[in-house]
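Throughout, residue positions are numbered sequentially from 1 according to the sequence presented.
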Amino acid sequence: MGCSGCRIRFNFGKALSKASLLLTMLLISTYFIYCLTALSDSIPRALFAQRALDYGILEDRRRVLDELRPSPRLLLAGAPASPPPGGAQDSGIPVSNTFGTKKFPQAIIIGVKKGGTRALLEFLRIHPDVRAVGAEPHFFDRFYEKGLDWYRELMPRTLEGQITMEKTPSYFVTKEAPGRVCGHELPNQAHRGGPGPRDPGLSLALKNASSGLIDTAWNAVRIGLYAKHLENWLRHFPLSHFLFVSGERLVSDPAGEMGRVQDFLGLKRVISDKHFYFNQTKGFPCLKKPEGSSRPRCLGKSKGRPHPHIPPEVLQRLREFYRPFNHHFYQMSGRDFGWD
Ligand SMILES: Nc1ncnc2c1ncn2[C@@H]1O[C@H](COP(=O)(O)OS(=O)(=O)O)[C@@H](OP(=O)(O)O)[C@H]1O
């Protein structure tokens, strides 16, 4: 019995994986400048007002120093055609790794898993004003105890005017993540152990929506209850701090969707149609010139995998199960993704 249970679960997993193409959604959470300010000084928000004067003095000093020497951006623009002897390029280290400072991200791609988050990040990285860490840091879910300095150290250096970014899709479904991102819960105060109390509202909704054949307690199913996870984030951030990016449009019209993303981040519209080509073999848009390379490149093999055939009745059942949750999500996000 145990084995047949496993098999059903396994097959259903494949079905979900296939269905995820229909359920792609991404969130970018603009970062919350006040939260980061509080975080970067590792002080509770309540103390922030008391420190305001100190910040003012520091800011003034910074401004004076900036006036005395050209900003990194100006230095770069005025760089000599050949690098100075013994300079960064002589040592073989890329200029971007030696200039600028490491900062906390101003924008995070927080989800959703298998929603096209890697594509979004790699597309954004071709923008000259975006610098992003390649690997997923998992700071706000797995490595929170390592502390803020550890997190900042992972970030690439940025020059003035550049945005630091990271992506970790599991933040979206991590109950503690929004509070941590906002700095309400500092590393040494973080809850340890299991998840918080079960939400009775969700249990009820799951019972109502379940056909009896879908294991609603299973994480692979719960992960797709976007409305539920978004609710958790909206307890900490206003809706205007989020951009909902369509995973489907990232495939069918990457330049169009990236236009929305650039506007949201306050970036000049640099990424356009001319950066993409459709690779027939891969079946996805690829980059003509990815960051740090002049050769065209598609995402790796683990992105855009062949999916197994899912019987239409299974897909239908999944659609019916998710429909009420999706509609709730459309209402909350203000965007109808047409997943029905
Ligand atoms: N340009 C391009 N190239 C390849 N793949 C693309 C692209 N745009 C979106 N996608 C879809 O992205 C899916 C993987 O999503 P994520 O990167 O968010 O996955 S992960 O959660 O980080 O593991 C991946 O899912 P699978 O098809 O299941 O592999 C793709 O459907």
Side-chain angles (χ1 to χ4, degrees), residues 25-33 35-36 39-40 72-73 76 93-143 146 148-172 177 180-181 241-245 247 250 254-255 257-272 275-276 285-295 297-300 302-303:
M25 181 212 71
L26 305 169
L27 294 170
I28 291 181
S29 167
T30 55
Y31 206 17
F32 329 116
I33 287 155
C35 292
L36 267 182
L39 278 169
S40 64
R73 183 181 276 250
L76 194 67
I93 303 168
V95 169
S96 56
N97 289 351
T98 54
F99 281 113
T101 49
K102 292 180 178 233
K103 299 191 190 80
F104 291 111
Q106 288 96 45
I108 310 180
I109 298 170
I110 61 172
V112 302
K113 208 165 159 52
K114 296 293 163 211
T117 54
R118 175 56 61 186
L120 177 59
L121 191 74
E122 294 308 316
F123 295 171
L124 263 171
R125 283 173 101 175
I126 57 180
H127 197 292
D129 290 338
V130 173
R131 303 242 37 233
V133 53
E136 293 174 9
H138 281 280
F139 175 64
F140 293 109
D141 57 347
R142 283 187 217 154
F143 300 120
K146 289 188 183 277
L148 292 156
D149 289 341
W150 177 88
Y151 184 47
R152 186 169 38 197
E153 202 44 45
L154 295 180
M155 298 301 146
R157 292 176 185 278
T158 47
L159 303 175
E160 204 184 308
Q162 288 183 318
I163 294 179
T164 307
M165 288 192 70
E166 69 121 317
K167 81 121 180 156
T168 306
S170 47
Y171 291 162
F172 185 54
R180 289 173 174 178
V181 172
H241 283 230
F242 298 85
L243 180 72
F244 301 89
V245 180
L250 215 49
E257 203 60 3
M258 292 311 290
R260 293 181 63 240
V261 175
Q262 290 169 93
D263 291 349
F264 176 70
L265 293 173
L267 295 166
K268 199 173 157 208
R269 280 202 180 208
V270 169
I271 307 163
S272 68
H275 291 95
F276 301 97
C286 298
L287 286 171
K288 284 185 188 162
K289 276 187 193 179
E291 192 206 25
S293 163
S294 54
R295 292 222 307 267
R297 190 161 56 86
C298 298
L299 298 189
S302 64
K303 310 290 174 185

Exercise. Mind checking whether Glu136 and Pro169 have side chains closer than 4.5 Å, heavy atoms only?
Worked result: yes
Seminar exercise, completed: Scanning both residues in full, the closest heavy-atom pair of Val133 with Pro156 reads N-CD, 3.9 Å
Problem set entry | Under 3.5 Å: donor-acceptor pair, side chain of Gln106, backbone of Phe104 | yes
Exercise. Donor-acceptor pair, Gln162 side chain versus Arg131 backbone, under 3.5 Å?
Worked result: no
Exercise. How close do Leu243 and Arg260 get, heavy atom to heavy atom, and via which atoms?
Worked result: CD1-NH2, 3.4 Å
For this session: Starting from the C-alpha separation in whole Å, work towards a yes-or-no answer on side chain to side chain contact (heavy atoms under 4.5 Å, CB included) for Leu267 and Ile163.
Result: CA-CA 9 Å; Leu267 295 166; Ile163 294 179; 3.7 Å; yes
Problem set entry | Audit row: Lys288, His275, side chain to side chain contact (heavy atoms under 4.5 Å, CB included) steps and yes/no | CA-CA 5 Å; Lys288 284 185 188 162; His275 291 95; 5.8 Å; no
Exercise. Going by atom types only, do Thr117 and Lys167 share a side-chain donor-acceptor pair under 3.5 Å?
Worked result: yes
Exercise. With sequence neighbours left out, what residues match Glu166 under salt bridge (charged side-chain N to carboxylate O under 4.0 Å, His left out)?
Worked result: none
Problem set entry | Over 12 foreign heavy atoms within 6.0 Å of NZ, Lys289 | no
Exercise. What do the steps show when you test Leu124 against Val261 for side chain to side chain contact (heavy atoms under 4.5 Å, CB included), and what is the final call?
Worked result: CA-CA 9 Å; Leu124 263 171; Val261 175; 4.0 Å; yes
For this session: Compare every heavy atom of Leu154 with every heavy atom of Pro137, then report the nearest pair and how far apart it is.
Result: CB-CD1, 3.7 Å
Problem set entry | Minimal non-hydrogen separation, Pro285 against Leu250, with atom names | CG-O, 3.7 Å
For this session: Check side-chain hydrogen bond (donor to acceptor under 3.5 Å, both in side chains) between Arg297 and all other residues, then give those that pass, not counting sequence neighbours.
Result: none
Problem set entry | Side-chain touch Val270/Pro128, heavy atoms, less than 4.5 angstrom | yes
Problem set entry | CG on Leu120 to CE on Met258, rounded to 0.5 Å | 5.0 Å
Seminar exercise, completed: Residues passing the salt bridge (charged side-chain N to carboxylate O under 4.0 Å, His left out) test with Lys102, sequence neighbours excluded, are Glu153
Seminar exercise, completed: Minimal heavy-atom distance between Phe139 and Tyr171, with the atoms involved, is N-OH, 2.9 Å
Problem set entry | Beyond-backbone contact of Phe123 with Pro254, side-chain heavy atoms, under 4.5 angstrom | yes
Exercise. What residues, two or more places apart in sequence or in another chain, satisfy salt bridge (charged side-chain N to carboxylate O under 4.0 Å, His left out) together with Arg142?
Worked result: none
Exercise. Does the gap between the ring centers of Tyr151 and Phe140 come in under 6.0 Å?
Worked result: yes
Seminar exercise, completed: side-chain hydrogen bond (donor to acceptor under 3.5 Å, both in side chains) filter on Arg118, not counting sequence neighbours, yields Glu122
For this session: With the side chain counted from C-beta on, respond yes when Lys268 and Gln262 share a heavy-atom pair under 4.5 Å apart, and no when they do not.
Result: no
Problem set entry | Any residue meeting side-chain hydrogen bond (donor to acceptor under 3.5 Å, both in side chains) with Ser272, in chain and number order, not counting sequence neighbours | none
Exercise. Salt bridge between Arg269 and Asp263, side-chain N to carboxylate O under 4.0 Å?
Worked result: yes
For this session: Walk me through it: do Lys113 and Ser170 pass the test side chain to side chain contact (heavy atoms under 4.5 Å, CB included)?
Result: CA-CA 7 Å; Lys113 208 165 159 52; Ser170 47; 5.7 Å; no
Problem set entry | Heavy-atom pair with the smallest gap, counting every atom of Phe99 and Arg157 | O-CB, 3.0 Å
Problem set entry | Step-by-step side-chain hydrogen bond (donor to acceptor under 3.5 Å, both in side chains) determination, Lys103 to Thr164 | CA-CA 7 Å; Lys103 299 191 190 80; Thr164 307; 5.8 Å; no
Problem set entry | Approximate separation, where rounding is to 0.5 Å, of Leu121 CG and Thr168 OG1 | 9.5 Å
Exercise. Just how far is it from atom OG1 of Thr101 to atom CD of Glu160, taken to the nearest 0.5 Å?
Worked result: 9.5 Å
